[in-house]
Amino acid sequence: MEKRNTTSDFILLGIFKHTRSHLFLFMMVLTMAIISLMANALMLLLILLDPQLHRPMYFLLSQLSLMDMMLVSSIVPKMAADYLTWNKSISPAGCGLQIFVSLTLGGGESFLLAAMSYDRYVAVCHPLRYPVLLNWRLCFQMTLGSWFLGAADGLMQAATTLSFAFCSAHEIDHFFCEAPMLVRLACADTSVFENVMYVCCVLMLLIPFSLILASYSLILSAVLHMRSQEALRKAFATCSSHLAVVALFYGPAIFIYMRPKSYRSANHDKVVSAFYTILTPVLNPLIYSLRNSEVREALKKWLGKCADFKYQQT
């Protein structure tokens with residue numbers, strides 16, 4: 001079988017066609033990406049500037065916003081350029097970089113959500129011991145650990161995927177380079193790597209997900225025994241927003257990386273990937289800002305300051 005030149009580019013077939021309906025969908029996706037970048041940047045600024053938000057919970061939330069911004073920035077500009085210029089090629093180095101960045105951020109977010117569930121567990125179940133059980137040192141350690149584990153997984157999968165010899169048909173039926181899609185183009189036997197990749201997915205997805213389920217099971221048990229209606233309402237409001245983010249992240253990720261090969265479909269994969277790389281980063285800051293009274297108050301305060309400053313200038 002003929003193999004491609006190792007210096008030749010891959011071709012990203014994309015998710016949109018050049019029709020009126022797909023042009024409308026493309027504009028919607030581009031708008032959502034811009035909203036995502038602005039909303040997550042606003043969340044970062046609020047957490048940075050407002051002293052009331054200088055707590056471990058919001059520091060973890062700021063890292064989630066940073067990861068979402070980086071994920072959108074690593075995928076959407078290339079996708080938009082491909083669609084608008086009709087030049088759908090991507091170099092092996094660029095493809096490897098996309099795999100590395102997406103897996104680093106995806107894996108890091110998986111562990112970060114587990115850290116955030118622990119934060120909620122301590123806040124609800126052991127509020128008086130919160131400064132001891134979740135101090136700033138532990139918060140930084142969990143954050144650095146999330147970034148490191150995600151980067152280790154991304155580096156391993158990107159390097160291994162690009163080490164395969166690819167066949168002459170090196171068209172990727174996707175809108176960005178994702179390891180499972182690229183492996184399908186390999187001429188060599190990839191069964192060992194696919195098994196290793198599956199084990200990595202178990203470690204990066206199911207273990208944190210299990211920890212999250214355990215944390216929220218304990219939280220639910222504690223909440224049901226609360227006598228104060230106000231405390232009960234606040235606990236449910238905070239934890240429900242976290243569970244919404246967990247569902248939005250883990251559902252698509254497990255669908256893409258842990259589904260049996262026989263059930264895979266390129267069209268389904270593209271839609272689900274668009275969901276967790278574009279739609280979820282839009283929803284995350286909206287969920288936290290709309291469901292969190294402290295974030296809403298911080299936003300109102302800084303909007304008021306901006307209005308006062310503008311009034312003084314005039």
Side-chain angles (χ1 to χ4, degrees), residues 9-46 61-62 64-91 94-95 97-106 109 170-182 241 244-245 247-253 255-257 264-291 295-296 299 303 306:
D9 293 344
F10 295 102
I11 304 298
L12 293 170
L13 298 182
I15 191 173
F16 300 116
K17 297 179 181 178
H18 288 83
T19 62
R20 287 187 177 181
S21 59
H22 278 227
L23 177 60
F24 174 74
L25 291 174
F26 169 76
M27 294 304 297
M28 284 186 60
V29 167
L30 196 60
T31 301
M32 285 192 296
I34 295 172
I35 293 173
S36 172
L37 292 173
M38 294 176 63
N40 282 293
L42 177 61
M43 185 70 75
L44 277 171
L45 285 174
L46 284 176
L61 180 56
S62 72
L64 180 67
S65 293
L66 178 60
M67 289 179 178
D68 284 342
M69 288 179 63
M70 292 177 65
L71 183 61
V72 172
S73 300
S74 68
I75 293 174
V76 174
K78 172 61 178 171
M79 180 197 72
D82 289 350
Y83 184 80
L84 295 174
T85 64
W86 296 65
N87 179 16
K88 300 184 176 184
S89 64
I90 184 170
S91 66
C95 197
L97 183 61
Q98 276 198 333
I99 293 174
F100 170 73
V101 171
S102 63
L103 287 173
T104 295
L105 298 173
E109 187 165 331
H170 49 280
E171 295 180 341
I172 303 174
D173 193 6
H174 211 13
F175 60 94
F176 73 101
C177 286
E178 203 166 20
M181 304 300 168
L182 203 59
S241 64
V245 171
L248 289 170
F249 174 79
Y250 282 98
F255 180 86
I256 290 292
Y257 286 96
R264 290 177 183 172
S265 165
N267 290 330
H268 291 163
D269 289 347
K270 285 190 283 188
V271 172
V272 174
S273 294
F275 188 92
Y276 82 87
T277 58
I278 300 171
L279 181 60
T280 302
V282 177
L283 296 177
N284 283 350
L286 297 179
I287 289 172
Y288 279 105
S289 61
L290 294 177
R291 298 299 301 273
V295 173
R296 291 199 304 268
L299 180 60
L303 287 176
C306 290

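Counting from 1, the numbers follow the sequence of the chain as shown.
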Nearest heavy atoms of [X] and [Y], plus distance in Å:
X	Y	answer
Leu286	Val282	CG-O, 3.4 Å
His170	Asp9	CD2-O, 2.6 Å
Glu178	Ser273	OE1-OG, 3.1 Å
Ala39	Pro285	CB-CG, 3.6 Å
Tyr276	Pro252	CB-CB, 3.7 Å
Glu109	Asp68	OE1-OD1, 3.2 Å

Side chain proximity check, [X] to [Y], heavy atoms < 4.5 angstrom:
X	Y	value
Leu12	Ile172	yes
Met43	Leu64	no
Leu61	Asn284	no
Leu25	Ile15	no
Ile287	Val245	yes
Leu46	Leu299	yes
Asp269	Phe255	yes
Cys95	Leu182	yes

field: Check against side chain to side chain contact (heavy atoms under 4.5 Å, CB included), Met67 and Asn40
entry: CA-CA 9 Å; Met67 289 179 178; Asn40 282 293; over 6 Å; no

Flag, side chain of [X] to backbone of [Y], donor-acceptor distance under 3.5 Å:
X	Y	result
Gln98	Cys177	yes
Thr280	Phe275	yes
Lys88	Leu13	yes
Thr85	Ala81	yes
Tyr83	Lys17	yes

How long is the gap from [atom1] on [X] to [atom2] on [Y], to the nearest 0.5 Å?
X	Y	atom1	atom2	result
Phe176	Ser74	CZ	OG	8.0 Å
Thr277	Leu71	OG1	CG	6.0 Å
Ile35	Leu42	CD1	CG	13.0 Å
Leu37	Met32	CG	CE	12.5 Å
Ser65	Leu44	OG	CG	5.0 Å
Thr104	Ile99	OG1	CD1	11.0 Å

query: Between Asn87 and Asp82, is a side chain to side chain contact (heavy atoms under 4.5 Å, CB included) present by the stated rule, with each step listed?
result: CA-CA 5 Å; Asn87 179 16; Asp82 289 350; 5.6 Å; no

field: Worked verdict on His22 versus Phe24 for ring-ring contact (aromatic ring centres under 6.0 Å, His included)
entry: CA-CA 5 Å; His22 278 227; Phe24 174 74; over 10 Å; no

- prompt: Where does the angle between the aromatic ring planes of Phe16 and Phe26 fall among parallel (under 30°), tilted (30 to 60°) and perpendicular (over 60°)?
  reply: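 Ring orientation of Phe16 relative to Phe26: perpendicular.
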
